[in-house]
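Whatever order the structure lists ligands and atoms in, that order sets their numbers, starting from 1.
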Amino acid sequence: MSEKIAVYPGSFDPITNGHVNLIERALQVFDKLIVAVAHNPNKTALFSVEERIEMIRVALKNDPRVSTASFQGLLVEFAVQQGANVIVRGLRALSDFEYEFQMTLMNRKLNRKVDTMFLMTGYKWFYTSSKIIKEAASLGGSVRGLVPEIVHQRLKDKFPAYRNLP
Ligand code: PNS
């Protein structure tokens with residue numbers, strides 16, 4: 001039987017424990033998961049694509065079932081290049097739905113052979129996002145427990161107010 005491969009795309013700026021939880025869930029369904037970091041020149045990111053990929057690798061402890069990549073341009077084209085016909089996305093609170101449905105329908109219009117599968121994050125991560133984590137950290141608020149340890153450490157390099165946290 002052929003391997004079931006999915007792409008899990010996102011900005012991952014930075015990866016959170018919610019993302020890690022979703023990756024663990026996706027690995028119960030797929031043999032291989034490609035965590036794909038979007039390189040979007042129109043969006044200002046805190047971490048470079050290389051920094052984001054490094055944090056993902058460390059957070060996932062180099063799990064052989066997971067590979068990392070960056071992509072630019074259309075996600076469905078990237079998925080096809082990678083031999084994946086499923087895109088995995090996480091759903092948290094209701095506020096995610098509209099944006100996710102728009103993206104899914106657009107991706108489906110662009111390529112009907114690539115489907116999107118939604119997985120829910122664990123309830124503990126329902127209200128965490130990379131954006132809110134960056135905001136708290138920039139003001140010196142500890143986000144330990146919400147992000148992998150490597151991210152907690154890397155945030156110290158980005159935000160002076162975060163530097164002195166244990
Ligand atoms: O983590 P994010 O920022 O919600 O991820 C959004 C992402 C990267 C999945 C989305 O912006 C995307 O798919 N970008 C690639 C461009 C694309 O394919 N656009 C057409 C479909 S909407």
Roughly how far apart are D96 CG and F101 CZ, rounded to 0.5 Å?
-> 10.0 Å
Counting only N and O atoms by type, is there a donor-acceptor contact under 3.5 Å from the side chain of D13 to the main-chain atoms of R52?
-> no
Sub-4.0 Å heavy-atom contact, F78 with ligand 1 = no
Pick from G90, S11, S129: the one approaching atom 2 (P) of ligand 1 most closely through a non-hydrogen atom | S11
Quick one: does G10 get an N or O within less than 3.5 Å of an N or O on ligand 1?
-> no
In terms of its nearest heavy atom to atom 11 (O) of ligand 1, the top option of Y8, Y99, F12 is Y99
Side chain, backbone, both or neither: which part of N40 has a heavy atom under 4.0 Å from ligand 1?
-> neither
How does A38 reach ligand 1, if at all, at less than 4.0 Å between non-hydrogen atoms: by side chain, backbone, both, or neither?
-> side chain
Would you indicate whether the side-chain heavy atoms of I87 and M117 approach each other to under 4.5 Å?
-> no
Please say which of E51, E149, E54 ends up in a side-chain hydrogen bond (donor to acceptor under 3.5 Å, both in side chains) with R154.
-> E54
Pair Y8 + F12: ring centers closer than 6.0 Å | yes
Closest non-hydrogen protein atom to atom 21 (C) of ligand 1, residue and atom name please, with distance?
-> N107 OD1, 3.1 Å
Looking at G73, which atoms of ligand 1 are within less than 4.0 Å of one of its heavy atoms?
-> 15 (C), 16 (C), 18 (O)
Logged contact type for R89 with ligand 1, heavy-atom cut-off 4.0 Å, is side chain
K43, portion touching ligand 1 at heavy-atom distance under 4.0 Å = side chain
Kindly state whether the ring of F71 and the ring of H39 have centres lying under 6.0 angstrom apart.
-> no
Could you check atom 20 (C) of ligand 1 against the protein and tell me its nearest heavy-atom contact, residue, atom and distance included?
-> L74 CD2, 3.9 Å
To which protein heavy atom is atom 10 (C) of ligand 1 closest, and what is the distance rounded to 0.1 Å?
-> M103 SD, 3.7 Å
Numbered in order shown, the ligand 1 atoms found under 4.0 Å of a heavy atom of L75 are 13 (O), 17 (C), 18 (O)
Side-chain contact, heavy-atom cut-off 4.5 Å: V114 with N107?
-> no
Is there a donor-acceptor contact under 3.5 Å from the side chain of Y162 to the main chain of A136?
-> no
Would you call T16 and I133 a side-chain contact if the rule is heavy atoms closer than 4.5 Å?
-> yes
